[in-house]
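Atoms considered below: every heavy atom in the structure, side chains included; atoms not considered: hydrogens, waters and symmetry mates. Indexing begins at 1, ligand by ligand and atom by atom, following the structure's order.
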Amino acid sequence: MVKAGKQIPTAARERCQALRTSIARHNRLYYVEAQPEIGDAEFDKLLKELEALEREYPDLVTADSPTQRVGGEPIAGFETVSHQVPMLSIDNTYSPEELRAFDDRVKKGLEPADSPSYVVELKIDGVAISLRYDAGRLARAATRGDGERGDDVTANVRTIRSVPLRLAGDSPPVLEVRGEVYMRRDELARLNALREESGEPPLANPRNATAGTLKQLDPRVVAQRRLDIACYDVAPLEGVELTAHWDTLAALKRYGLPVNPFATRCESIDRVLAVCDEWRSKRHELNFETDGMVVKVDAAAHRRRLGATSKAPRWVIAYKFPAEVARTRLTNITVQVGKTGTLTPVAEMEPARLAGTVVRRATLHNFDELARKDVRVGDTIEVQKAGEIIPQVLRAVAELRPADTAPFPIPSECPACGSAVRKDPEGVYLRCLNPACPAQIKGRLKHFASRGAMDIEGMGDVLVEQLVDKRLVTGLAGVYELSEAAVAGLERMGEKSAANLIAAIERSKGQPLSRLLNGLGIRHVGAHTAEVLAAQFTTIDALMDAPLEALCDLYDIGETVAASVRDFFDTAENRELIERFRAHGLALREEAPAGAGPRPLEGKTFVVTGTLRGYTRDGIRDRIKALGGRPSSSVSAKTDYVIAGENPGSKLSKAQKLDVQVLTEDEFERLAGGTP
Ligand code: IVH
């Protein structure tokens, strides 16, 4: 029996409609126009109001409501679907000569009087996708697959915030849009930081990360990883009038679809080459990865005349940028033991210049990976910056391998404590199972004392090594039991520095709960999660007693994280640790944020670039937060201010491009209500 919902009052129906229109508009302003009119908080308020209305009147819920992005349960697998118009691939070129040859072929294929215009776009490195809209509503999203048939990934693509569930404006009855789903670099960095916290291998580059995310069977996981989309074409279906690509891009924008962030029209191949050349270096400043440019004939009539081979259209070509790869010598492979006992092989190499920095070490992730790559000490290796961020060992150059090399032996015992090692249940990592392993204790202590955690000045890596080797500290609480005399007895430690260290340890007792939570090294809990937890629970006791459901309910905290927090506080030794902290007088609470003082930066988002005179990186973040502002690491149209110090990076140019207000350090101080 269908249960009839409550009678819906007209006012509620109208409010629901008004909210949806408003949400769609703000989404478009944000994702398509890059000109938001409201901030995150206000946007969330609209969404929350709509959710509440729909909860009260479930009959109001429709599939294209912005509250329905994340579907229900995980699915068993993806259905294969056929593309009505095949998704062809495109040919590649690698040199100006090849690009000129393309221009010659195009001209030969057209009438002598025709002079073709081109549109040049960034070639975003992600996963090709086809979106089908029926009567303006997102009906299906499919991967390219073999070009004829792909996977139906609708449930996953619906979670991408920049994909409109409903088109705006005068969209045709059926519209099939093609584009690239991708992951921004800062999002990959965020994800990899979380993965590192939880002992998972990092995702190698944004393209793999995107492909892996789209293949997730649980849309809720996809929703947590923020993907983006850039649309670049429309399939020629009946009822879709195409005159020129440039107009197609404009139409896509009108429908509320985000298009390629850079596209320009060029009247000659010389101009095309100049644009490509400009982006060869400028692309490193982008927050997403590009592997080249795509050059397209603009006029639809020209395209029709040129047609396609069985493989690729004749009116389009990719101009690929060379990947930055460096060759160097592998001097050693060391094995690191992390704070959770994970054994990680690390490649040590002769310094190599790569994409503007010098690389000396690169993680080899795990021993399976090492065996697969079979890199050996003495090899000449090729290294690459994956996603321009993490240096990665690509391969050993076989023809340059010296005669006397051997595969690196898989350790059977922990290099730090000699206990047996075991593969973890997921079967990827070797782990040292000895909780008293000095390498693990050192890892935990270094993290505990680090700047993002308890920020104990003077307790650097060298000192931690000594403290553990001399057995002066055997666990986190031991930090607070150190005597000045014991510290003064250590190498390179005078009485003065010992006193300073003890004072710094004493000061750290006042650190807010969020810092402590980060410092505890709870699996899956890094700085961000720690802040969310501390803001919500305020005291460690409230958090320790919080039921699993209360943890799961928090924004930004999923089941895995919640379970890990619960697990940590359900373990007797950890509760004991907290009690020892309490006995030593640690604050164990978050400072009361609201009403604690003036909050002149309330609701404003700040990004810092360059070196500041008066603050460390963490220092300025703390100050912004204390005054009610929100520090962020990447510049977007939603950023309110960028604080620029000495030697600012690409964030400054990004701010200027997006018209974000740039402040000097003094101007920031004035805004903050202090004196510069
Ligand atoms: S046009 C028939 N434009 O690159 C023309 N492709 O190597 C279809 N890509 O499969 C492609 N950015 O996934 C086009 N601005 C752009 C693109 C782009 C990324 C991808 C696309 C395609 C692959 C070919």
Would you mind checking which non-hydrogen protein atom is closest to atom 9 (N) of ligand 1, with the distance to 0.1 Å? E180 OE1, 3.5 Å
Donor-acceptor contact below 3.5 Å, side chain Q384 vs main chain Q392: no
Sub-3.5 Å donor-acceptor pair from the side chain of T93 to the main-chain atoms of S95, do we have one? no
Please write down residue, atom name and distance for the protein heavy atom closest to atom 2 (C) of ligand 1. P313 CG, 3.7 Å
Would you mind listing which atoms of ligand 1 come within a distance below 4.0 Å of any non-hydrogen atom of N260? 15 (N)
Qualifying residue for side-chain contact (heavy atoms from CB on, under 4.5 Å) with T605, from D40, D640, V642: D640
Among non-hydrogen protein atoms, atom 18 (C) of ligand 1 lies closest to Y232 CE2, 3.4 Å
Starting from atom 10 (O) of ligand 1, find the nearest protein heavy-atom neighbour and note its residue, name and distance. A128 CB, 4.0 Å
Which residue holds the protein heavy atom closest to atom 15 (N) of ligand 1, what is that atom called, and what is the gap in Å? E121 OE1, 2.7 Å
Proximity to ligand 1 by part of K296, non-hydrogen separation under 4.0 Å: side chain
Would a 4.5 Å heavy-atom cut-off, applied to side chains only, mark V383 and M349 as touching? yes
Does W279 have its ring centroid less than 6.0 Å away from the ring centroid of F321? no
Part of L122 with heavy atoms under 4.0 Å of ligand 1, whether side chain, backbone, both or neither: backbone
E37 and R25, any side-chain heavy atoms less than 4.5 Å apart: yes
Do L286 and T290 make a side-chain contact, defined as non-hydrogen atoms from C-beta onward lying under 4.5 Å apart? yes
min-distance protein heavy atom vs atom 5 (C) of ligand 1 -> I90 CG2, 3.8 Å
With respect to N92, determine whether any N or O atom, backbone or side chain, lies less than 3.5 Å from an N or O atom of ligand 1. no
Side chain T639, main chain Y641, donor-acceptor under 3.5 Å: no
Can you tell me the protein heavy atom closest to atom 7 (O) of ligand 1 and the distance? K123 NZ, 2.8 Å
Nearest non-hydrogen protein atom, atom 12 (N) of ligand 1: I124 N, 3.2 Å
